[in-house]
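Since the structure comes first, as structure tokens, the remarks are kept for the end.
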Amino acid sequence: MAGFQEPPIKKAKNDRTVDLSANTSQAPTQPSPSQAANGHTKARDGLGSFQNLKHKTPSKGTPQKTKNPEHLRNLLAQRHALPIFPARARLLEELRKNNTVIIIGETGSGKTTQIPQYIHEERLDRKGGICVTQPRRVAAISIAKRVAEEMDTNLGGLVGYSVRFEEAVCPATKVKYVTDGMLLREAISDPLLTRYSWILLDEAHERTINTDVLFGIVKDAQKTRRSLPGHDPLRLLIMSATMDVDHFSQYFGNCPVLYVEGRQHPIEMFYAKKQQEDYVMAAMTTVFQIHREAPPQHDILLFLTGQEEIDSVTTNLRQIAKDGSLAECPRLRVLSLYAALPAHQQLDVFRATAEGERKVIVSTNIAETSITIPGIRYVIDCGRAKVRTYHPGSGFDALKVKKISQAQAWQRAGRAGREASGSCYRAYTRAEFDAMNVNPTPEILRSNLASVMLQLLAMGIKNVVTFDFIDKPSAELLEAAIVQLSFLDAVVIKSDSLELTEAGRKMAQFPLEPRYAKVILSGPEHGCTEEEQAANARRKFTSVEGDHITLLKVFRAFKAAKKNKMWCHENFLNFRNLLYATEVRKQLVQVCERCGVALTSCQQKTDSVRRCLATGLFTSVAELQLDGKYLTLDTKQEAALHPTSALFGGKPAYVLFTELVQTGKAYMHLNSIVDPQWLHDIAPEYFRRKHVKR
DNA sequence: CTCTCCCTT
């Protein structure tokens, strides 16, 4: 690669208009939020700038379990050293004055762990608990553990967490960390979220579909609780890492925005001098540029887009590392990282780098948010990622390599400065960076919304089309979701409203996509409530009927083998996935019992399982054409069986698919053979128009 | 002849 130049704008020391944290030795990687604030009409205080703030000692009354006073003193010292601590009093003042506040805090500010404690210490949670949402399970659990430790209580007592299949709470729990999906579920049975006086939506900048829906739910709950007598106010805190302040603030009634500086080590930024034609090659060249100069144990994290790319780059890097010209350099350990990798290989990236060695981790964006790797001093960012976008017109998801947003680019860069100062090399020019979107497209604007619509309806929200989304999905996207729900008999479209049917109400109870909920509801009709579960199957269990029956066979064999880990290993099956499937199944059985869905088993008559599948997935069927290709019946899209499918290579006349993803081609994933006669039985009107043979 | 990534009583 042509090499990198230093950025045209270096961080200006002692100039607050450029860099909020310039008065500290630890500058943030990101252009400071204060920049965004300057353009604001209302004065918005930078919390970090307040001095001489006193800290009240935590009030008594928390269950004491002190074992090691020194350890506790240590924890307290750490808490006091966090950037948010000097702003404690000022923050609480704002929280007392306003029902909704937005907090912008960079990584390391301590907002997620400290703010709930501050609220509790001041007993502002007397009338109801504090709920803090996280997009990821592991985060919810590990943060709760940390906070329980800091508050010197047992996890599951005053401080707890609740994620799917795992919960540590009791009636006395005041500070609860949950996944945002979990809070959404709670909102179905309690739309006003009456158990809480405080809801803190964390990582709001990620704009996951769940957070976006929650924005609307909590805003509505707050308003309703204010208007109805006998309700205590609902206090909202929206916590975000980026500066898309105006958008959030406008949505929440121009509420105040508070800034907390982060604790990041400085990161030197480098951009490509000129546009790179081949970002993979550019990135590889940069690895060796760094490798020649950097001291050993200064590890490199390289962001690329996908498995194939990553595997080929790791292979190449290993090959080049053997080159004689690098004999003087540290030994290079090259590792791949992506979600599909087996667990033990994922764990490899955490192994500390030995003396005289360097590791290079070549990763997807899993290392952007989900996995934090210690020891990283250099980040190389290719500036791209795979993005999934649902196209309601054709019914498929496109999975395409796209330019990342500036916010993501800063997030990636930040991975170099977690333990010490670092460097970030961008395989794109400064001008290319400036041309990137500031923020990524929110997930809710590029997803199938059938689940969201069903959930909103189940919460009693009458007009889902006019629901107050922070970013409103297109009419086409909303329409497609409603049409899908009406095909599934979950809703009835009336002249000017939507009505949830009895079946729809039941479907909403299942933690599943509506299509699959429908499959389960149709179980008793066909004498089987056995569900297939996601797992990695191998040839031995492959069924001619398709992937679903294959998975069912795997699952049954797993149970027969008494969920044995060795057995999985011997049969090339993923133990953890199968265990997870067991949990899912247990949960679904419980929901069935609650909804009065009879539990029956079809034993060996697996065609009735496929029949059930068709009742939920009949809009996802493709027909074999004379030329040997498939066309989807719903939208007449050309589609191919995915090579991992059990049906791949065969040519059944009708196949049902669970997912249609366009990568190189439009591929059908997880397929089963379907009998066209069933289709006419299930949805006669629909299939008459599709001209399906009998 | 192929696979960004989270998540749900």
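Naming convention: chains lettered A, B, ... in sequence-line order (proteins, then strands); numbering from 1 in each chain.
Residue A/Leu512 is classed as a base contact, given a heavy-atom separation below 4.0 Å to a base.
Not a single side-chain hydrogen bond (donor to acceptor under 3.5 Å, both in side chains) links A/Gln346 to another residue, sequence neighbours left out. Residues passing the ring pair (Phe, Tyr, Trp, His ring centres under 6.0 Å) test with A/Tyr279: none are found, sequence neighbours excluded.
A salt bridge does not link A/Asp190 with A/Arg195: none of the charged nitrogens is closer than 4.0 Å to a carboxylate oxygen. Under 4.0 Å is where a charged nitrogen must lie from a carboxylate oxygen, and between A/Arg384 and A/Glu309 no such pair does. Using a 4.0 Å cut-off between charged nitrogen and carboxylate oxygen, A/Arg388 and A/Glu659 count as a salt-bridge pair.
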What does the B/S/- profile of nucleotides 2-7 of chain B look like, 5' to 3', with a 4.0 Å heavy-atom cutoff to protein? BSBBSS
